[in-house]
Amino acid sequence: MAAAGFLVTLAIVLVSSSSISTAFDNDPLQDFCVAVPDASAAVFVNGKICKNPKLVTTDDFVASGFNTPASINNSLGFGVKVADVNLIPGLNTLGLTVLRVDFEPDGVVPPHTHPRATEAIVVLEGTIYAGFVTSNPTDNTKNKLFAKILKPGDVFVFPIGLVHFQRNVGKTKGMAIVAFNSQNPGVITIGNAVFGSEPHIAPEVLTKSFQVDKKVIEYLESKF
């Protein structure tokens with residue numbers, strides 16, 4: 001357990017240290033800016049409104065529940081617990097989000113991107129195949145895949161904005177801790193964005209782009 005705790009701490013340090021110099025999030029201008037509910041606020045800010053520092057308590061920096069698995073009762077076979085500014089108000093402006101990801105055997109986190117954050121994953125249980133694909137090369141060669149099978153104790157980094165994925169290739173359940181250097185990394189799941197948008201992208205665009213028949217596009221859209 002001590003080793004696992006060290007690895008989790010390492011992932012958070014790696015991501016948060018990069019946020020000191022190169023994060024997408026702006027650096028805070030005070031020790032902390034504990035978030036307050038702002039759903040009805042008349043003024044919108046880049047982040048969340050700060051709580052009066054005199055009213056801040058220890059509980060603003062604490063959350064529980066990461067010791068229990070996330071629900072994985074879905075077609076993809078993975079589930080996520082999120083520790084972000086909505087759960088821990090004290091994370092506001094600090095450029096950090098942490099996840100617990102649980103996998104069924106053969107569970108998949110499908111190809112997706114995070115437009116505002118680099119991601120580091122620490123595998124604690126299971127055997128996870130993880131990788132990312134580079135952006136389009138300028139010399140018209142193919143995008144390059146960087147991928148590896150990760151075992152407990154391994155750490156893998158996904159650069160900001162690049163398409164990436166994870167799959168549990170083991171025969172037992174898997175679990176990993178993920179850290180982002182943003183309080184709002186965002187996520188764009190490729191399949192959902194292309195085939196599940198509302199309204200749908202014009203079929204002429206997709207049939208031409210993927211060089212397939214319209215019926216194939218309609219089938220894929222029905223899945224999203």
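Just so you know, these numbers use all the heavy atoms, side chains as well, and skip hydrogens, waters and symmetry mates.
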Chemist: Counting only heavy atoms not in Asn73 (residues, nucleotides, ligands), do more than 12 fall under 6.0 Å from its CG?
Modeler: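 Count not over threshold, so no.
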
Chemist: How about Gln183 and Asn92: does a side-chain donor come under 3.5 Å of a side-chain acceptor?
Modeler: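 Result is yes, a qualifying pair exists.
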
Chemist: Would you mind reporting whether Phe132 and Leu145 have side-chain heavy atoms less than 4.5 Å apart?
Modeler: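 They are not in side-chain contact.
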
Chemist: Taking side-chain contact (heavy atoms from CB on, under 4.5 Å) as the test, write out the residues that go with Leu206, two or more places apart.
Modeler: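 Residues passing side-chain contact (heavy atoms from CB on, under 4.5 Å) with Leu206: Val194, Phe195, Ile201, Phe210, Ile217, Glu221.
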
Chemist: Check whether more than 12 heavy atoms from other residues, nucleotides or ligands sit under 6.0 Å from atom OH of Tyr219, and answer yes or no.
Modeler: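 No, the 6.0 Å shell around OH holds no more than 12 heavy atoms from other groups.
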
Chemist: Show the nearest heavy-atom pair for residues Ala70 and Gly79, with the distance to one decimal.
Modeler: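 Closest pair (atom of Ala70, atom of Gly79, distance): CB-C, 3.5 Å.
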
Chemist: Could you list all the salt bridge (charged side-chain N to carboxylate O under 4.0 Å, His left out) pairs where at least one residue sits in residues 178-189, not counting sequence neighbours?
Modeler: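 Every pair satisfying salt bridge (charged side-chain N to carboxylate O under 4.0 Å, His left out) with a residue in residues 178-189: there are none.
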
Chemist: According to the salt bridge (charged side-chain N to carboxylate O under 4.0 Å, His left out) rule, which pairs have a member within residues 183-209, sequence neighbours left out?
Modeler: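 The answer is none; no pair qualifies.
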
Chemist: Residues two or more places apart in sequence or in another chain: which of them pass side chain to side chain donor-acceptor pair (under 3.5 Å) with Asp106?
Modeler: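 Here the qualifying residues are Arg167.
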
Chemist: Which residues satisfy the side chain to side chain donor-acceptor pair (under 3.5 Å) test with Asp60, sequence neighbours excluded?
Modeler: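 Only Lys51 meet the side chain to side chain donor-acceptor pair (under 3.5 Å) criterion with Asp60.
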
Chemist: Of the non-hydrogen atoms in Ala117 and Pro185, which two are nearest, and what is the gap between them?
Modeler: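 For Ala117 versus Pro185, the nearest heavy atoms are CB-CB, 3.5 Å.
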
Chemist: Considering only heavy atoms from C-beta outward, does the side chain of Pro110 approach that of Leu76 to under 4.5 Å?
Modeler: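 Counting from C-beta outward, Pro110 and Leu76 do come under 4.5 Å.
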
Chemist: Between Thr207 and Lys214, is there a donor-acceptor pair closer than 3.5 Å when you use the side chain of the first and the backbone of the second?
Modeler: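 No, Thr207 side chain to Lys214 backbone: no donor-acceptor pair under 3.5 Å.
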
Chemist: Using a side-chain heavy atom cutoff under 4.5 Å and only I, L, V, M, F, W and Y, what cluster partners does Leu55 have?
Modeler: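 The other cluster members (ILVMFWY side chains, heavy atoms under 4.5 Å, direct or chained): none.
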
Chemist: Taking C-beta and beyond as the side chain, do Gln166 and Val101 meet within less than 4.5 Å on heavy atoms?
Modeler: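 No, every pair of side-chain atoms sits at 4.5 Å or beyond.
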
Chemist: Does the Asn52 side chain pair with the main chain of Val56, one donor and one acceptor, at a distance under 3.5 Å?
Modeler: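 Not confirmed, Asn52 side chain does not pair with Val56 backbone.
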
Chemist: Show me the side-chain donor-acceptor pairs of residues 156-164 shorter than 3.5 Å, one per line, residues at least two apart or across chains.
Modeler:
{"unit_1": "His164", "atom_1": "ND1", "unit_2": "His112", "atom_2": "O", "d": "3.3"}
{"unit_1": "His164", "atom_1": "ND1", "unit_2": "Leu162", "atom_2": "O", "d": "2.9"}
{"unit_1": "His164", "atom_1": "NE2", "unit_2": "His112", "atom_2": "NE2", "d": "3.0"}
{"unit_1": "His164", "atom_1": "NE2", "unit_2": "His114", "atom_2": "NE2", "d": "3.4"}
{"unit_1": "His164", "atom_1": "NE2", "unit_2": "Glu119", "atom_2": "OE1", "d": "2.8"}

Chemist: Do the side chains of Ile149 and Thr127 get nearer than 4.5 Å, heavy atoms only?
Modeler: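 Yes, their side chains come closer than 4.5 Å.
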
Chemist: State, with a plain yes or no, whether a side-chain heavy atom of Ile190 is found less than 4.5 Å away from one of Thr113.
Modeler: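 Yes, close enough: below the 4.5 Å cut-off.
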
Chemist: Is any side-chain heavy atom of Pro105 closer than 4.5 Å to a side-chain heavy atom of Lys171?
Modeler: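 When only atoms from C-beta onward are counted, Lys171 and Pro105 do not touch, as no gap falls below 4.5 Å.
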
Chemist: Among all residues two or more places apart in sequence or in another chain, which pass the side-chain contact (heavy atoms from CB on, under 4.5 Å) test with Phe66?
Modeler: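 Expected list: Lys81, Ala83, Val98, Arg100, Ile177.
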
Chemist: Who are the side-chain contact (heavy atoms from CB on, under 4.5 Å) partners of Glu104, not counting sequence neighbours?
Modeler: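 side-chain contact (heavy atoms from CB on, under 4.5 Å) list for Glu104, sorted by chain: Ile72, Lys173.
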
Chemist: Which residues pass the ring pair (Phe, Tyr, Trp, His ring centres under 6.0 Å) test with Phe165, sequence neighbours left out?
Modeler: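 By the ring pair (Phe, Tyr, Trp, His ring centres under 6.0 Å) rule, Phe165 matches Tyr129.
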
Chemist: Please collect all side-chain hydrogen bond (donor to acceptor under 3.5 Å, both in side chains) contacts where either partner lies in residues 140-152, sequence neighbours excluded, each pair once.
Modeler: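 Qualifying pairs: Asn136-Asn143, Asp139-Thr141.
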
Chemist: What residues, two or more places apart in sequence or in another chain, satisfy side-chain contact (heavy atoms from CB on, under 4.5 Å) together with Ser209?
Modeler: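 Scan of Ser209 (side-chain contact (heavy atoms from CB on, under 4.5 Å), adjacent residues dropped) gives Val205.
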
